[in-house]
Student: 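Have a look at this one.
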Amino acid sequence: MKRQLYLNLAMGAVIVAVALGMKWAQHQGLIEAQSATRWTMAIIGLQMAINANLIPKAGTAKTARHIALQRVCGWAMMLGGLGYAAAWAFVPLSNAATLSMVAVAAAILWVIGFGVISSRRTGTPA
């Protein structure tokens with residue numbers, strides 16, 4: 001539990017460090033404001049993907065159904081995080097926010113759908 005807490009704090013520190021570094025570079029005239037926004041938001045998406053990759057490895061599931069749900073959640077949220085990062089990295093800024101939210105929302109809906117379908121098959125709530 002402590003290891004996960006320290007990892008999440010470190011990930012948060014990386015996000016803050018990147019944001020501050022991008023703002024400093026912008027004030028020095030090394031990059032434009034759009035580049036600072038893109039880098040910062042892309043790092044947030046990559047951090048989401050990294051964190052999602054840890055979900056199946058948590059080892060908290062006791063049943064086969066919960067293990068499957070953790071795997072699906074890990075995969076979906078990792079892909080959602082990569083989609084979020086890609087949207088901010090490559091899509092025009094006017095559409096990046098919308099597309100990044102769509103990527104994460106699709107991942108969440110996929111996990112919810114999997115949970116509902118798997119609970120209907122077994123007859124037990126998730």
Student: What pairs of donor and acceptor atoms, side-chain ones from residues 85-102 against any protein atom, are under 3.5 angstrom apart with sequence neighbours left out?
Tutor:
from	atom 1	to	atom 2	distance (Å)
Trp88	NE1	Ser100	OG	3.2
Ser100	OG	Ala96	O	3.0
Ser100	OG	Ala97	O	2.8

Student: Between Trp110 and Ala76, what is the shortest heavy-atom contact and its length?
Tutor: CD1-CB, 4.0 Å
Student: For Met11 versus Gln47, what's the shortest heavy-atom pair and its separation?
Tutor: CG-OE1, 3.0 Å
Student: With a 4.5 Å heavy-atom cut-off, do Trp24 and Leu30 have their side chains touching?
Tutor: yes
Student: Looking only at heavy atoms, which two atoms of Ala107 and Gly80 are closest? And how far apart?
Tutor: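 Closest pair (atom of Ala107, atom of Gly80, distance): CB-CA, 4.1 Å.
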Student: Should Met22 and Thr37 be marked as a side-chain contact (heavy atoms from CB on, under 4.5 Å) after you check the CA-CA gap, both sets of side-chain angles, and the distance that decides it?
Tutor: CA-CA 8 Å; Met22 291 294 116; Thr37 301; over 6 Å; no
Student: Can you measure from CG (Leu46) to CG (Asn51) and round to the nearest 0.5 angstrom?
Tutor: 12.5 Å
Student: List the atom of Gly45, the atom of Tyr84, and the distance in Å for their closest heavy-atom pair.
Tutor: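 For Gly45 versus Tyr84, the nearest heavy atoms are CA-CD2, 3.4 Å.
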Student: To the closest 0.5 Å, what do you measure between CD1 (Ile44) and CD1 (Ile15)?
Tutor: 5.0 Å
Student: So, for Trp39 and Val18, which heavy atoms are closest and what is the spacing to 0.1 Å?
Tutor: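 In terms of heavy atoms, the two residues are closest at O-CG1, 4.4 Å.
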Student: Who are the side chain to side chain contact (heavy atoms under 4.5 Å, CB included) partners of Ala19, not counting sequence neighbours?
Tutor: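 Only Thr40 meet the side chain to side chain contact (heavy atoms under 4.5 Å, CB included) criterion with Ala19.
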Student: Show the nearest heavy-atom pair for residues Pro56 and Gln70, with the distance to one decimal.
Tutor: CG-O, 3.8 Å
Student: Going only through I, L, V, M, F, W and Y residues with side-chain contacts under 4.5 Å, is there a path from Leu79 to Leu54?
Tutor: no
Student: My understanding is that only residues two or more places apart in sequence, or in another chain, count here; which of them pass side chain to side chain contact (heavy atoms under 4.5 Å, CB included) with Ala52?
Tutor: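 For Ala52 the side chain to side chain contact (heavy atoms under 4.5 Å, CB included) partners, ignoring immediate neighbours, are Ile55, Met77, Met78.
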Student: Say whether Met48 and Ile112 are linked into one hydrophobic cluster, either directly or through other cluster members, by side-chain heavy-atom distances under 4.5 angstrom.
Tutor: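 Looking at the clustering, Ile112 is in the same group as Met48.
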